[in-house]
Every structure is written in C-alpha cells, then in structure tokens.
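Order of the sequence lines fixes the chain letters, A, B, ..., with proteins taken first and strands second; residue numbering starts at 1 for each chain.
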4 protein chains.
Amino acid sequence: MRIGLLTGGGDCPGLNAAIRGVVKHALGEYGHSVIGFRNGWKGVAQGDVQPLGRSDIRNVLPVGGTLLGTARFHPHSEDGGMDAVLATLEAERIDALVCIGGDGTVHAASKVAEAGVAMIAIPKTIDNDVEGTDLSIGFHTAVNIATDAIDRLHTTAESHNRVMVVEVMGRHAGWIAVNAGIAGGAEVVLAPERPFDIDKVVRFLRHRHRAHASFSIVVVAEGAVPAEGSAMDFTQRLGRFGEIVAGSVGEAVAAEIAQRTGFDTRLTVLGHVQRGGTPTPTDRILGSRFGVAAVDAAASRRTNVMTALRGDEVRLVPFDEVAGKVKHVPDELLRVADALA
Amino acid sequence: MRIGLLTGGGDCPGLNAAIRGVVKHALGEYGHSVIGFRNGWKGVAQGDVQPLGRSDIRNVLPVGGTLLGTARFHPHSEDGGMDAVLATLEAERIDALVCIGGDGTVHAASKVAEAGVAMIAIPKTIDNDVEGTDLSIGFHTAVNIATDAIDRLHTTAESHNRVMVVEVMGRHAGWIAVNAGIAGGAEVVLAPERPFDIDKVVRFLRHRHRAHASFSIVVVAEGAVPAEGSAMDFTQRLGRFGEIVAGSVGEAVAAEIAQRTGFDTRLTVLGHVQRGGTPTPTDRILGSRFGVAAVDAAASRRTNVMTALRGDEVRLVPFDEVAGKVKHVPDELLRVADALA
Amino acid sequence: MRIGLLTGGGDCPGLNAAIRGVVKHALGEYGHSVIGFRNGWKGVAQGDVQPLGRSDIRNVLPVGGTLLGTARFHPHSEDGGMDAVLATLEAERIDALVCIGGDGTVHAASKVAEAGVAMIAIPKTIDNDVEGTDLSIGFHTAVNIATDAIDRLHTTAESHNRVMVVEVMGRHAGWIAVNAGIAGGAEVVLAPERPFDIDKVVRFLRHRHRAHASFSIVVVAEGAVPAEGSAMDFTQRLGRFGEIVAGSVGEAVAAEIAQRTGFDTRLTVLGHVQRGGTPTPTDRILGSRFGVAAVDAAASRRTNVMTALRGDEVRLVPFDEVAGKVKHVPDELLRVADALA
Amino acid sequence: MRIGLLTGGGDCPGLNAAIRGVVKHALGEYGHSVIGFRNGWKGVAQGDVQPLGRSDIRNVLPVGGTLLGTARFHPHSEDGGMDAVLATLEAERIDALVCIGGDGTVHAASKVAEAGVAMIAIPKTIDNDVEGTDLSIGFHTAVNIATDAIDRLHTTAESHNRVMVVEVMGRHAGWIAVNAGIAGGAEVVLAPERPFDIDKVVRFLRHRHRAHASFSIVVVAEGAVPAEGSAMDFTQRLGRFGEIVAGSVGEAVAAEIAQRTGFDTRLTVLGHVQRGGTPTPTDRILGSRFGVAAVDAAASRRTNVMTALRGDEVRLVPFDEVAGKVKHVPDELLRVADALA
C-alpha cells in the first residue's frame, strides 16, 4: 500500500510527531510505503514528492514545525487545482492520503474525498477549534507558551503597578485565551465566545485597583469583539487602529484602558512565537497517536474520517460530522476564568 | 456555609491551584468561609486549623507543593482517628469538607462520608490511576518532567552509544512511563499493565543495535514486574537488589541488560523531582476547575462525589463508582508505545 | 548598623535574589537591620518604609520582579527631592544605603553620596550596558527569553519559508540582540554599536535565499539605527512609523525587507516579557553574590562603590569609574555574530 | 588549509555549537576544509573520518550531545596509539587539529602537540574545573538542570517536612554543587574544596528544624569527602555503601542524616541528565565563540593553545599554563553559599 502524506495550513509544534507516527507505523507494522508531498496541497498539485523512510524521521520528535513544509493552498479554489491533485495521486499510485491540517485542510480533504480519493485527516490547529476532538495538534504547546508569557508579565506588572494587556491567537474561538488566562491567573479574559463590554472591563479594573490590587493582567483573543451598542468610542478606536496595524483588538483594548483609567498600561502581542518551537509532551503524544491511528485506518480501509481524541481514547469520526463547524469554549470553562479573576 | 479543606497523601504540582480555586470561588461567588486543615487528615484529627482568605492564596498558582502541608494519615486506620476527625469537624462547624488527594484520601473520604459528613473529593496523583477521571492533578507535570529527562538522556545516549534505563514513578499503573516513553521516543517501555519478559527486551536491544542504532532508551515504571516463568536469573537479581535499594526494578533491569548484552548501560532513577516544582498550565487549569466545581457541589449539596475530567467537561462522580479501583493505561496507548519503539 | 535598601528603574528578574542576599547576610553575619524603601527613590523621598526580616524573603529566590516595588524617580531632578531623601535617611537613622538599579539609579546614588550618604550600588539592567561589570542583574534571563523566542520562530520560519524579524530590548547597546542572535542562530543581527545599511541587509537576504535557504531570522535591537547617507526611503519610513508606534525600528526593518524582497516577512516585538518571570540560575547567583558583597562593603565602610563581576570574582568599583558610561558589545562578539550568520 | 576536529571525553550540551562554529567560520571566512573524526581520539587512531560541510551542521545549535560522537580514549596511554594518530593526521593531510574536550583531552592534545602536530583545544566539562578559563562548555547547562531539580525538590520538601539530599556531579571541584546550591537556595552545600564534618551538618539541620524550619535541602558534589578524624561511623558507612553503589557520597550522607536526626530524609542522584539535552544560550554562545576563535588561531598559526573566556573576552592560553591543573571554586563563592544557607 502507498500512503500519501501532507501537512497543510499554518505550521505548529507536533506535526513532526504525527509524520513520524505515520512513517514508523506504516513501515514497521504493515510494510507500507509513505510518499510525502512538500508544502501542503500545493505540493500535491505540483507533484512535489518526497518519499519518507526511517532516516527522514530521526530525531524529529522534539522539533517544531513540519519537515514537509506547508502552504495555504486549497485545490478546490484554484483553477485546475483539483485536476492537478488527482493527476499526481494517480501518477504516484497513492492508495490513501493522510492530510494533517486545520479547518481548511479538512474541508479540502472532504472535497478530494468526494472525487473518489481515500482520505484520512489529522486535526491540527493552535486555536483548537476543530469540532469532534478534545484536542488538535499544536494547541497545547500554544497554551504553554502563552502561559509562560503571562507568568513573566505578572511579575513585572506587579513591580510597576501596571495593567498588562496580552493579545493571543484565537480568531473564531478563545481556547488559548481562556486556558492561558486561567493558568496564568489573569484578571480579565476576552474571548470571541462572549462579545465584551469595554465599559464593564474598565469598571472592573478601577474597582480592583481601588479595593486591593495595583496591577492587572488582561488576556485578549485576537478574535474577541466588542458587544453591540456598547462603547461607541471603542469601536471607533478599533476602526482607527484597524487601518494601521491589521485590526489588533489588543491594541484598541490597551489604548482604551489607558485613556479611561489613567493606569500605566502596556500591550504585548505574542504573535508567531505561539506556533513554534519544541512541542510539549502532550502534543508529541497526540501527534504520535493520531499518526498511528491514521495508518491503522488506511490499512483497514476506514477512510473519509478524521482522527479524534475523546477523553482517554482515540477515535475516527466521519468528515461530515466535523467539516465546517467551529468548536467553542464551553461555558463551564468561561465561568472558571471569571470566578478566578 | 463553612467549607473545610485539606490536602492528603503525597504532594504534587497543582494542589495550590485547587486550593486557590476553592478559596476564591467560595468567597467570591457565595460568601462562604474556607477553613483549611494542616497536614492532611492528621490536621483534622488534631484540630490543626488555618482559616484561608484571599491573602493566603496570592501568587500560589505557579508554586508546586501544597501551602496546607500534607501527611500520610488515614483516620479510619488510626486508634480513635475517626472520632477525633468528627469532633474537629463539629467544633469547627464544617458544613462540607473538600479533600484533595489520591486513592487513600478518597477512600478515607468515603469512610468519613459514611459517618455523615458531607464530603467532596478532588483527585490528585502523579500516577494518574484514579478511576473515573481522565486526569488527576499532578500527573501532567510529572510526564513533562520525565519527558524532559528522557530528552536529555537521549543526546548523551547517542553521543556515547549507551543504553539508558530510566525508572519513573507508577506503582500500580504505567501512565507516566507510557506517556513519557512515547513523548521522549523511548525504544522500550515497561509498565505494570504488562508483565515483561527480560529475554525479549534483551533480544530486541541486540537486534536494534545490530541493525541500525547504537543507543537505546528504556523506560521502566517503578511498578513494572517480570512475567512469571521467564527470567529466573532476573527475578533472583531483583530479589537481591530488592533488599538493598528498596526494590528498584530499574536497577535490576539495567544490571541485566548490561550483563547480557555487554552494552554500556546506565541507570537514572528520577525519584522525587517528578512530584515537585511549578505545575504545567494543564495542572493549574485542572486544579482551578476542580476547585471551582467542588465549591459549586458543596453549595448545591451534591456531596459524596469526586470531581472528574471527562473529555472537555468537568463532572461529579459518586464515590462508589471510583473508590478502590485502579485506572490502567488503555491498550491503544500501549500499542502506540510499541509501534513507535 | 541600619542598612537602607531600594530597587530603582525598570524591574527585572534577579532583584529579589539580591534583596534576599542583603537581608540574610546583614542579619545572619552582622546582626544589622535592613530597612527597605518601597518604589525606589520615590519611597525614600516619601518615607515609605518596609523593615525587612527573614520572613519577608522566604521563597523569593525564584520569583521575578521586586518585592519592594520600583519606580522611575530621580531625587536630584525633582523639586525638593534631594532634601526629602536626606530627611528620610536621617529620620530612619540609615548608616548605609544599598540601591539596586541601572544607570539612572547609580547616577542618583552618586549624587546622594555627594551629599554625604554612605552609598553602595548593585547594578541591574537587562540591557547589560553598565560599565565596570561583566554582568548586570536581569540581562542573563532576558537573553534566555529572547533566545527561546528565536528558537520558536526558527521552526515556523522554516516551515513557511518566511523572514522573521524580532525586535528585542537594548536602547544604547546590543547585548541582548547579539547574544540571543548568536544563541538562536540568527542570520542578521542589528545592534546600536554598528549603524546598519538596509541595502546591505536586503542584498544579504536575497543572496541567501537564492543560494541555499528559504527562511531567515533577523534580530533587531530597539536602539539599532540606520547608517547615515544610506537608505533614504528607510529613514523616511522609520519616521513615518515612528509617529505611530513609538519608533519601532523592527517594524520599519520588517516593512522594508517585505517591500524590497517580496519575501513573506513577519515581525515579532518581544517587549515586556523580556523583563519578567523566574530568573535564570545565573541571575539568582549574581544577585546573591552582589547582595552579600554589598553588605560586606557596608560593614567595612567601603562606600560610594558599585558591586561588579569580573571574570570569576566579585569586586567593588568606585562610582566615578562607572557613572555616566555605557558598556558596548565588544568587536569580537559582533564578529562571531557575523561569522555564524 | 585542512582543519581536523574531534570531541573527546564525556559529552555535554554545547559541543555541537562549537563544531558548528568551527565549520561555519573555517568554510565561510577562510575557505578551509574541516575533517571530523568520529568518537574522539579513537576515531583519529582508527582513521574514522567524517568530512564536515554546511549541511552537516544545520539545526544542530539547540541539540545536545555531539554529532561526531565521543569516547574516552587517550592515544598516549594506548599501545601504538600515538603512532596511529600521527599516521592518520598525515594521511588526511591535517594542518591543524582542533580538539574539544576536558582535562584528559587537553592533556592528550599537549602530548600530540609535542609530536609536532599543530593543536588547538576547546575546553568542555560540566565540572568547570579546567584551569585558565572562566567557563568550560557544558557547565552552565548542568547548573541549570541541577537548579531546576532543586527547585522541584524544594516544594515537595516543604510540603512533607523532609530533608532532601541531592547528589550532583563534580569529582574534583564543586562548581555545580555551589552554584546550583546558591541558585536553588540550599541549606547545606558539600563540595570537594572543603572536607565536611558530618557532625556539623547534623547539628546545623537539627538547629534549623528546631528554630524555624521544617525542611532542608542538602546539595552534595559527588567528589565531596568527609574531613579526617571526624565521623568514624560515617566513613565506615561510606565504605559499606561504596562497595555497592559505586561510592555514592550522597547515599551515605542521606543515610547518616536520617539515622542521626530522625528526620524524613530522601536522596536524589541526578546523574546523567546533567550532561544532556538542549544547551542553554550561554553554552551555545560559548561554544560558538570558542569555535570561531579556534579557527582564527589555526589560520594565524597560533597553536598549542586553548581557547578561554576571561570576563567579557575570549583569549588563547598556552597548554603549559593549564594542563594538569584543577580550577577550584573561589572562597568568595563558598562563603556566599554559607551566608545564604
């Protein structure tokens, strides 16, 4: 059997663990071959092939990123993209194609599956918003990095009596913000799940600083949005900043707090550090389990499925149960963030 | 309402997060009081009381250990223990008692509950073998520490062409060994779930070193046991060492490998470092969620339950579903460890 | 003897180690008292006093920031500042005043010394530009944080074929940029010591990406400046951005590279995370040694000096040898950064 | 010019940084070739050659161990060893040989130099006892690992009211013990520089636990020795344990404390984890600087020297100034460890 393999979308820690899992298990257990494609779907379309053997995956477990490279490219939205993909898969005699990616990659996988290709998806996204699985590869490491940054900002906030605003990733869901906020002991967490009222945030900080504290940590997901109706100035400010620095809500929140409270307020935008570097053990284990499960699925012809973690177990879920859905932070977790503020 | 709080059994990272969660939520949401007991059940028996307010839990989130202290003491197995416990709880007018602990503590909790006390348990154990919850507090940090050690041993094993044997904690279940083994890319993982055949281990290592490698990592849970019948010498050796260094199976395995293969073999016993230091974000979040859930349970009179993580959710499970049971590593995870060896 | 103690200027990891060193050694070896002042020189001027005993310094060694708080306040530049300081010192019967701070604090210390106060300074600055000492407290931790960020950006740069620009602290000297650049394997390091030619940077990156690589890391100290004459567009751009985001040279460099090369280029501004969190062992040891040395100096009446590390030794250097001078990165280190690009 | 390169003795983090520094600088600045030898002097004797180009050193900066492998082999003490070494060097037309190693390797280098070979040594040893340089490669990472372990043991010691004995490396000098002891806030540090009196240690711990504390950390260098005359029982115990577990002084100290004080006492032997894993930025920078300096030395025919760090500078020191000498921990540092106990 010849198994194709690609990594698509944004990179993150743990991808190499999944690649290693696919290669080791396919070769060791089944004697199958693994054909990698470079730079995601683009490499499939262009026939950019890299056969993968044991030596290719030596020592990659603790290394972030993806040894196959990645690109944001969707075959079904490119002219002739789908045909090129199918032609390559046929030329390379691929029996099943394992794609490691987020929303977009899984969506592309379901499209390619409709064209008759045996597909298996492995979910990865630091945003953790893929439906159907407790965890996606990369999220856990991102939470660790964000928490580490909050820990560091904590001591300097306290020494200088400052409000520290930290913008973390999370466009459609606030998983990183809420988890890192709880882990780092943040006073305010703004997530896309709950449009926020800047007036309320400001009132809370004023109250806190009057009552007993002289510093605060405010964690803002990049996809957090102000509630409708409230805070006209704020949305205007967001608009104004939006033109300049690509719509950073963190910058707008920090400016608003500084202006209204007079507190010494500083902004940190974590950015790309959240998606790089050595994966945590959890992401290495998750990638390894998903890689092994994907190969088992291919070998037993259970295709058009995504590997998923549910509690202690790894399962396979059909594409149509997960594609196009966003997994949001549950209320219980949001309430814990509030309760411990 | 007056909520009692204790930490029992061995300490681990994340206990302070749970204590903080209980105190912040009890005071902030309900206006309840929290009465801590020092050094576990012993402190309850002796009336060693420490009322807990906001100032007691400042900055404890990233700190390992337990600010309440802990001890191994079971009221039901001590003369007059149970009476002393009940007397203190009455004197302190405790409405519900939250105990954070492992197997032993939960067992004690169920005994105290039988005497009519409203009990809520929060599971902690670096061994992760408490039934009914995906995770117990402390386990995740222990896996990180063990993986970090394996990563470090990896580079020195490779540079010196050595076999490195690492003994990790896990008396009844191999959760740390299996997870850290997968995360660290170990070649052999010995867990209590599967009695091992030392002959097979030796054959595997010889084969590997002949074929393509010049070093190996062997992870051994402290509770791993040799399979019956096989390996007489080995069990004898285990016996001999057992008298001297408290039954270290790692030491016996290392000695056996060294003697039979002639490979340069070294042993590392991780020991107490596995249960100390800054908790990972996962353990801080778990402790925080369990602490909040325990207070909610007390407030709503849902008692004689243990907080539990199931997938994305925190639930309450009755004592009788979990007490006296050991949660073992599932087969799927053991197979991943083997597949990626 | 009554020893006064303050921390001034920006906070950084390792200050608490120095405070602990002063308190433990003063109390334990000499039986002296230590009187802390809150929030730097401001606290001295305002008589904001906090006597320091053993219990105040428990468990502070691994904690970042300063338990005394800090502020940017220079007694000699405030109306009546110097008089207020002298009045407090007399009222509190301070025999010697230990101040932990950077350039500004040391300068203030020399002014206060001129007024007859027995002063001892301990150098701290993450920029490491205090003359006369190999290391100042906080620098080492900052290099670790910046290197960690570069390591993380490295894997994502490689996976996505990107140029990653990282702006680190260093207003007058490039110690963090050069050290983290070497440690992280950066391709370009821009430091205040060498005005840079943006044309040359662009040519270098184009050449590198044509020849053999598809990604690059560019580390920019916040105080890096373009060379005169070269790069008109660039300085204009710097001007334009300067009005908006407080003169971030990193932003200008990233924009310029993106525009001229067409490479996918991203900016990360590390900001305040560089000055927070758990100090490295090196900063804890440095703080401890300086704290002990400062007390010994006070006890032996060797005042108007700064503690300094020279090779393996801690020495005392007179204020006039160090005040008002900036320590720059030596040529050898700059050449290593270039050689390994 | 053809530069030979080997790594000898025990491995440690930072060796790959030095190898990378040699290769990048030799190729990039001078167009020289670099010929690696596998497994230290043994590889030279056996002609086990590995030419090193740019692709061999990609991504090795953060990787521990040595890509060249290492072995403990001294050409001058093996039959025909020296002749074999000289024959290989001639056959490979090596103009200068760079060897990265500790005491033994530098000694071998001086012997080979006497035979007319142009030698340059780069010092590495986690023990940091090479004379003539402030730092040797590997030491800094070892201190970080040991401090991290002490931090972890600290919280568990405190929670359980225990004495934790930690044995760290350091056969002839106590650099790791003293530095990690100060950084970790240890109560007792036993180093080879000062033969210790176990009676005094026991008295100190008893006094401390009576006065104000309920736990202690005792750091023991593996080369620490009891003072003559004192503590007969102890040396007897050391003898008895010595036969069994290779003379662990830590084990003897722990047993003695436990027996005499009755305190709950536990031992952790850190072992090989101290010499593995990702090097700290300091070790990466040190390796890089030494690698560059060694190539410059070869190019300018300044041979039979060792690269050395002195304060902020890298220098070259002649073999005869350093060979056969042990660099001990200075008194000032030992006094700081005592002062802060």
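In summary, A/R310 and B/D312 do not engage in a salt bridge, as defined by a charged side-chain N under 4.0 Å from a carboxylate O. Of the charged side-chain nitrogens involved, none lies within less than 4.0 Å of a carboxylate oxygen, so that A/E332 and B/R315 do not count as a salt-bridged pair.
A/H154 NE2 to B/L61 CG: the interatomic distance, rounded to the nearest 0.5 Å, is 8.5 Å. To the nearest 0.5 Å, atoms CD1 (A/I285) and CD1 (B/I182) are separated by 6.0 Å.
Within the 4.5 angstrom heavy-atom criterion, no atom of A/D338 approaches chain B. Residue contact with chain A, scored on non-hydrogen atoms closer than 4.5 Å, involves the side chain of B/R335 exclusively. With a 4.5 angstrom heavy-atom cutoff, B/E29 does not touch chain A via any of its atoms. For B/D296, the part lying near chain A is the side chain, with the backbone staying farther off; criterion is any non-hydrogen pair under 4.5 Å. Neither the backbone nor the side chain of B/A337 comes within contact range of chain A; no heavy atom of the residue lies under 4.5 Å from a heavy atom of that chain.
With A/P281 as the fixed residue, the side-chain contact (heavy atoms from CB on, under 4.5 Å) test singles out one of B/N144, B/I145, B/D151: B/N144.
Put simply, of B/L309, B/V292, B/V295, the one with the most heavy-atom pairs under 4.5 Å next to chain A is B/V292. Your options are B/R58, B/R289, B/R20, B/R54, and the one with the most heavy-atom pairs under 4.5 Å with chain A is B/R289.
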